Participant: 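The structure is given below, and queries will be raised subsequently.
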There are 2 protein chains.
Amino acid sequence: MAEKVTIADVARLAGVSRQTVSNALNNPDVVREETRQRVYRAVEQLGYRVNQAARQMRTGRSRLIAIRIEPDRDGINGSVLDRFLHGLTESAAQAGYRVLLYTADDDQAEIDTFEDLLGAYEPDAFVLTSTHHGDLRTAWLQERRVPFVTFGRPWSSDSPKHLWVDVDGAAGTAAATRHLLDAGHRVIGFLGWPPGSGVGDDRREGWARTLTAAGVDPAGLSRATSDEVADGEKAAYDLLRSDLGVTALVCASDSLALGALHAARSPALAWRPGRRGSGGGMERPVAVIGFDDTPVAKAVGLTSLSQPLAQAAAQCVALLTTLLDGHTGSGEPPANVLLEPTLVIRQSA
Amino acid sequence: MAEKVTIADVARLAGVSRQTVSNALNNPDVVREETRQRVYRAVEQLGYRVNQAARQMRTGRSRLIAIRIEPDRDGINGSVLDRFLHGLTESAAQAGYRVLLYTADDDQAEIDTFEDLLGAYEPDAFVLTSTHHGDLRTAWLQERRVPFVTFGRPWSSDSPKHLWVDVDGAAGTAAATRHLLDAGHRVIGFLGWPPGSGVGDDRREGWARTLTAAGVDPAGLSRATSDEVADGEKAAYDLLRSDLGVTALVCASDSLALGALHAARSPALAWRPGRRGSGGGMERPVAVIGFDDTPVAKAVGLTSLSQPLAQAAAQCVALLTTLLDGHTGSGEPPANVLLEPTLVIRQSA
DNA sequence: CGGATTATTTTGATCGATCTAATCATGCCT
DNA sequence: AGGCATGATTAGATCGATCAAAATAATCCG
């Protein structure tokens, strides 16, 4: 390993005491200008870097942010959290923090890990993802006054208040629906998940709201299923072969959208009349829009909603730093952040 | 935050000295059985957990493993490293280590980060990914005797010896080629990257070797391009419309394979005779096999080679722990590990 | 039984930083 | 000139663990 340079080495070279070095670095305005320069030069010359472990002992701050890395469940949507993770690592580094990973299979296991980590590495904060109804984690952390932010809103109404950053799913599906309306579609279906998941309900709501505003009744135009390509295909097929005249689909995920694309290409639907009843034979393929703009979407030319993940991560770090390095007193308390996804238009719609 | 439990608290409750508690935990065979039990009970009762920062100060070990998280370059193949990362986090946790993330845009930036991290957090080891020709990182780490493993072989012949874990790409493409031969294909093409990338050359070699062994000359049956779907499509199209009678393609990545699938579906090729010159009109579609078994492959039904990433990660941790917690003396020195990918068969071949 | 061995436990110092409080300089004002 | 507030720097203690070495207890054996 490299030679260790301690604060004492710097002090010796600069001809001052350890404490002055510490002050020059952490509390510059308490040190005389000339001395500070001398210390800086010594630091530079020796390549000194503060030892986090030692600092942590005294200050109780580890400058670590912990986050759980999830197994890529179905695979397609897995990349979302990974992109978030990359953004988080980058933003954290800029703020002088590092990201510590852990895994856990469920809420309880995660709470056990909280305990482990807090006892051993003492991360300064946690970033929680995949918030859901009846989330046990937030209450646990709050009880112990452990700082944290969630990427995802608290979906339960009874869940305690805490900092969060999220992407406005409803705004996304609303934009998608508007895009389809602008392109001349009227009867636009929705493919989502069973009610009860905060994220899913939110995304459905944006579609329903927009459709209603355009004078189309969304009733009956929506199907719910699990987040699998095959299930999405079945549900889409079911919706398309009905007599409702659905010409476009907004989906809660790229997985479902991919299924919808398969269904739309199904030869069994070829005889269906295009939505423009007028023109002869001039049929447009069913338009499909996904959610998350995953690599799969890019690969198959699926129009999809892209979440500003790097930005969301940066906001998480921003909230945490104001909470941790709290410029207490001045300034308003940190507010929650709701970002808008953007529609990435490709061939499918 | 939670109340802090220190080793002194445990000692008090167990009625022994701090050092005895430490011994009971780290050096159990030096403590009397009865005392050990008493200490364990106290630990349990108080929920004591060793403070890593304090331990690190004395021992110089942080029980942290650092790894770089890369931006998802093209997107499709990005998930590979993420899956590896998940496996690494899990295996590391089992071995009593945690994973620390960092980012860096190139070798030099990464080396700067090494310096930063080693000075501040003192990770016990690094895991390097994406090894390449002329890799600056390994030499740097070795000079400073920083323990590390690479996921990926050292491709330069002059690069110094170090621990590595890798997946045998050649064995993978060989298996894919054999699979196609078994299915009756003879003229099997290869879609890869320009020579010079270790990984790419390795994968091409497995295909060429197997084809040659089957009595087919691979010359002219291979195309090289950048790792983009569109480029793969062009290259595949070029190969398929030639007079060579190519009926199947082995690809160096799922991106290329996806391009190949698009090309194979191209109507412009429809008139091409199937490889079974005998049967009338009975044409089989061009078979395509990808590499990495990414979500995209699953989504579009692409047969692909799956890397045992969790296993690779586990091996990395295994190598590191024998290196770090070195059961020195006994046992042979840790050896490098070469794992075999498995062929996941779907509709495309 | 008594000294030598071995087993078990304890005391004191230490890792590298920061906190607290004390010391030493300096400038200002009457 | 003396007193005092303010500025700049330093000495000593401390965070929680482990290392080294000393102290104490248990065991052995002629």
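Just so it is clear: chains get the letters A, B, ... in the order the sequence lines come, proteins before strands, and each one is counted from 1. A quick note: this is a predicted structure, and the numbers were derived from the prediction, not measured. Heavy-atom basis, side chains included; hydrogens, waters and symmetry copies ignored.
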Participant: Rounded to the nearest Å, what distance is computed from the CZ atom of residue R61(A) to the P atom of nucleotide dT18(C)?
Facilitator: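 Atom CZ in R61(A) sits about 13 Å away from atom P in dT18(C).
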Participant: Could I get a table of every N or O pair under 3.5 Å where one atom is in the protein and the other is in nucleotides 16-18 of chain D?
Facilitator:
{"unit_1": "dG16(D)", "atom_1": "N2", "unit_2": "A54(B)", "atom_2": "O", "d": "3.2"}
{"unit_1": "dA17(D)", "atom_1": "OP1", "unit_2": "Y48(B)", "atom_2": "OH", "d": "2.9"}
{"unit_1": "dA17(D)", "atom_1": "OP1", "unit_2": "N51(B)", "atom_2": "N", "d": "3.2"}
{"unit_1": "dA17(D)", "atom_1": "OP2", "unit_2": "I7(B)", "atom_2": "N", "d": "2.3"}
{"unit_1": "dA17(D)", "atom_1": "O5'", "unit_2": "Y48(B)", "atom_2": "OH", "d": "3.3"}
{"unit_1": "dT18(D)", "atom_1": "OP1", "unit_2": "N26(B)", "atom_2": "ND2", "d": "2.6"}
{"unit_1": "dT18(D)", "atom_1": "OP1", "unit_2": "R55(B)", "atom_2": "NE", "d": "3.3"}
{"unit_1": "dT18(D)", "atom_1": "OP1", "unit_2": "R55(B)", "atom_2": "NH2", "d": "3.2"}
{"unit_1": "dT18(D)", "atom_1": "OP2", "unit_2": "S22(B)", "atom_2": "OG", "d": "2.6"}
{"unit_1": "dT18(D)", "atom_1": "OP2", "unit_2": "N26(B)", "atom_2": "ND2", "d": "3.4"}
{"unit_1": "dT18(D)", "atom_1": "O2", "unit_2": "R58(B)", "atom_2": "NE", "d": "3.1"}

Participant: Using five base pairs at each end, measure the axis-to-axis angle across the helix from dC1(C)-dG30(D) to dT30(C)-dA1(D) and round it to 10 degrees.
Facilitator: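 That helix has its two terminal axes inclined by roughly 50°.
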Participant: Show me the donor-acceptor pairs within less than 3.5 Å that the side chains of residues 100-107 of chain A make with the rest of the protein, sequence neighbours left out.
Facilitator:
{"unit_1": "Y102(A)", "atom_1": "OH", "unit_2": "E110(A)", "atom_2": "OE2", "d": "2.7"}
{"unit_1": "D106(A)", "atom_1": "OD1", "unit_2": "Q108(A)", "atom_2": "N", "d": "3.1"}
{"unit_1": "D106(A)", "atom_1": "OD1", "unit_2": "A109(A)", "atom_2": "N", "d": "2.7"}
{"unit_1": "D107(A)", "atom_1": "OD1", "unit_2": "H132(A)", "atom_2": "NE2", "d": "3.4"}
{"unit_1": "D107(A)", "atom_1": "OD2", "unit_2": "H132(A)", "atom_2": "NE2", "d": "3.0"}
{"unit_1": "D107(A)", "atom_1": "OD2", "unit_2": "L136(A)", "atom_2": "N", "d": "3.2"}

Participant: In whole angstrom, what separates N27(B)'s CG from dA20(D)'s C1'?
Facilitator: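 Whole-Å distance recorded here is 14 Å.
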Participant: side-chain hydrogen bond (donor to acceptor under 3.5 Å, both in side chains) with E115(B): which residues, sequence neighbours excluded?
Facilitator: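 None.
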Participant: I'd like a table of donor-acceptor pairs (distance under 3.5 Å, sequence neighbours excluded) in which one partner is a side-chain atom from residues 307-319 of chain A, with atom names and distances.
Facilitator:
{"unit_1": "Q307(A)", "atom_1": "NE2", "unit_2": "D292(A)", "atom_2": "OD1", "d": "2.7"}

Participant: Name all residues meeting the salt bridge (Lys or Arg N to Asp or Glu O under 4.0 Å) criterion together with D168(B); count only those two or more places apart in sequence or in a different chain, and write none if there are none.
Facilitator: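 D168(B) satisfies salt bridge (Lys or Arg N to Asp or Glu O under 4.0 Å) with no other residue.
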Participant: Return the set of residues passing salt bridge (Lys or Arg N to Asp or Glu O under 4.0 Å) with R153(B) (not counting sequence neighbours), or none when no residue passes.
Facilitator: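 Here the qualifying residues are D166(B), D202(B).
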Participant: Which of residues 33-41 of chain A sit near DNA chain C, with a heavy atom under 4.0 Å from it?
Facilitator: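 Output list: empty, so none.
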Participant: Distance check: side-chain N/O of T20(A) vs OP1/OP2 of dT10(D), anything under 4.0 Å?
Facilitator: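 So the side chain of T20(A) is within the cut-off, an N or O lying under 4.0 Å from OP1 or OP2 of dT10(D).
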Participant: Would you please name every residue forming a side-chain hydrogen bond (donor to acceptor under 3.5 Å, both in side chains) with S17(A), sequence neighbours left out?
Facilitator: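 side-chain hydrogen bond (donor to acceptor under 3.5 Å, both in side chains) list for S17(A), sorted by chain: T20(A).
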Participant: If a pair satisfies salt bridge (charged side-chain N to carboxylate O under 4.0 Å, His left out) and one of its residues is in residues 307-316 of chain A, list it, with sequence neighbours excluded.
Facilitator: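 Sorted result for residues 307-316 of chain A: empty, none.
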Participant: Would you mind listing every salt bridge (charged side-chain N to carboxylate O under 4.0 Å, His left out) that reaches into residues 87-96 of chain B, with sequence neighbours excluded?
Facilitator: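 Every candidate salt bridge (charged side-chain N to carboxylate O under 4.0 Å, His left out) pair involving residues 87-96 of chain B fails, so no pair, neighbours aside, qualifies.
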Participant: Give every residue pair that meets the salt bridge (charged side-chain N to carboxylate O under 4.0 Å, His left out) criterion with at least one member in residues 46-60 of chain B, sequence neighbours excluded.
Facilitator: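 Counting only pairs at least two positions apart or across chains, the salt bridge (charged side-chain N to carboxylate O under 4.0 Å, His left out) contacts touching residues 46-60 of chain B are D116(A)-R49(B).
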Participant: Is any side-chain N of the basic residue among K4(A) and E122(B) closer than 4.0 Å to the acidic one's carboxylate O?
Facilitator: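 Salt bridge: yes.
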